[in-house]
Amino acid sequence: MVFKAAAVQMCSGVDPEKNAEAMARLVREAARRGAIYVQTPEMTGAVQKDRAGLAAVLRDEETDLIVKKASELAKELGIHLHVGSTAIKLADGKIANRAFLFGPDGKKITSYDKIHMFDVDLDNGESWRESAVYRPGERAVVADLPFAKLGFGVCYDVRFPHLFRAEAMAGAEILTTPAAFTKQTGEAHWEILLRARAIENGAYVISAAQAGVHEDGRETFGHSMIVGPWGKVLASAGGTGEDVIVAEIDLEAVKACRAKIPNLKNGRDFALDIAPVLAKGGVTV
């Protein structure tokens, strides 16, 4: 099947209502350009590093503004709408960094909670501890849609190839990594990570990103991207501000790539030995 997919690039602020309005405007543009699958970035609902500020706008899944608006948009436009993620209040006081997929009837097809927490200290002094606020997910997800099998990831997940290999082995033809990448890590690794995940799995990779300087002072890398299964960048956005990118998805290309390089079939289980360190004279230390 051949169809159009879109990635919506945003610069979400701290107000979910304004972000919902921006999402609606950009998603409608993507649908106008023929996309039947549209993806928004990580943290579509609010980019807010202040914990008290984030807590003040949090809602549970049943009352969340982004969830409600995405459901309405999917039904209005007759598309599959993938909210890359938004912060969802949980009963235990933690937060889920949760992705949602809605069908053309407006009903939720599935959701996915980001598994890998971004706990890092960067060279420029940036320090992040997502695990202090968010509850990590525990399950990978592949959605069997009428037009393709879709595997889920969010941002930092892209650095864990075994997640996407498991989804590809389960039949995923499109892998998704909506993100709010930092500028520093994006400049170093963003494109090569997306292309690597596409190449090693013979799959399309679609990544809608946050971009630019946000209200909370954070700066994200942008460069939303759609990559083909041979590793070619099919569409990309700039590094600042809103954008909509669209590319044609042809699942025959997935079949062709996996036939040329059948590494999903050729993988083998193996044991791992750690050789002992030998001192001079060949004596084991």
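Predicted model only: the values in this text are computed from it and were never measured.
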### Query
Does the separation of the ring centres of Y156 and F160 fall below 6.0 angstrom?
yes
### Message
Could you check, using the six-membered ring where one of them is a Trp, whether F181 and H189 have ring centers closer than 6.0 angstrom?
### Response
no
Are any non-hydrogen side-chain atoms of [X] and [Y] less than 4.5 angstrom apart?
| X | Y | result |
| --- | --- | --- |
| M10 | T44 | yes |
| Y204 | L234 | yes |
| I115 | L163 | yes |
| F152 | T110 | yes |
| I95 | L58 | yes |
| E130 | K114 | yes |
| T86 | D64 | yes |
| E219 | H214 | no |

Donor-acceptor under 3.5 Å ([X] side chain, [Y] main chain):
| X | Y | result |
| --- | --- | --- |
| Q9 | H223 | yes |
| Q210 | M43 | yes |
| D113 | P136 | no |
| S71 | K68 | no |
| H82 | T40 | no |
| R197 | V158 | yes |
| N266 | N263 | no |
| R258 | N201 | yes |
| R25 | A20 | no |
| D216 | K49 | yes |

Of the non-hydrogen atoms in [X] and [Y], which two are nearest, and what is the gap between them?
| X | Y | value |
| --- | --- | --- |
| C257 | W230 | SG-CE3, 3.4 Å |
| C11 | G212 | SG-C, 4.3 Å |
| E242 | A22 | OE2-CB, 3.8 Å |
| I226 | A7 | CD1-N, 4.4 Å |
| V38 | A35 | CG2-CB, 3.9 Å |
| G78 | P104 | C-CB, 3.8 Å |

### Query
Taking it one step at a time, do K108 and F100 satisfy side chain to side chain contact (heavy atoms under 4.5 Å, CB included)?
CA-CA 7 Å; K108 184 180 81 170; F100 292 90; 3.7 Å; yes
A quick test of your reading: do over 12 heavy atoms of other residues, nucleotides or ligands sit less than 6.0 Å from [atom1] of [X]?
| X | atom1 | value |
| --- | --- | --- |
| E138 | CD | no |
| K18 | NZ | no |
| E187 | CD | yes |

[X], [Y]: one ILVMFWY side-chain cluster at the under-4.5 Å cut-off?
| X | Y | value |
| --- | --- | --- |
| L194 | V246 | no |
| I88 | V141 | no |
| V244 | I206 | no |
| I199 | L175 | no |
| V142 | Y37 | no |

Using a strict 4.0 Å threshold on nitrogen-to-oxygen distance, state whether [X] and [Y] make a salt bridge.
| X | Y | result |
| --- | --- | --- |
| D105 | K75 | no |
| E167 | K149 | no |
| R165 | E200 | no |

### Message
For a side chain to side chain contact (heavy atoms under 4.5 Å, CB included) check, start with the C-alpha distance between H116 and R159, then their side-chain angles and the critical distance, and finish with the verdict.
### Response
CA-CA 9 Å; H116 300 98; R159 294 184 182 273; over 6 Å; no
Gap separating the [atom1] atom of [X] from the [atom2] atom of [Y], nearest 0.5 angstrom:
| X | Y | atom1 | atom2 | value |
| --- | --- | --- | --- | --- |
| I174 | F147 | CD1 | CZ | 6.5 Å |
| F118 | T182 | CZ | OG1 | 5.0 Å |
| Y112 | N97 | OH | CG | 9.0 Å |
| N19 | Q48 | CG | CD | 10.5 Å |
| L73 | I66 | CG | CD1 | 9.5 Å |
| E173 | L251 | CD | CG | 4.5 Å |

### Query
Is there a side chain to side chain contact (heavy atoms under 4.5 Å, CB included) between T176 and Q39 once you walk through the steps?
CA-CA 9 Å; T176 63; Q39 180 190 121; 3.6 Å; yes
### Query
Between W190 and K183, is there a cation-pi geometry (under 6.0 Å to ring centre, at most 45° from the normal)?
no
### Task
Would you check, one step at a time, whether the test side chain to side chain contact (heavy atoms under 4.5 Å, CB included) holds for L150 with L101?
CA-CA 10 Å; L150 189 81; L101 180 65; 4.2 Å; yes
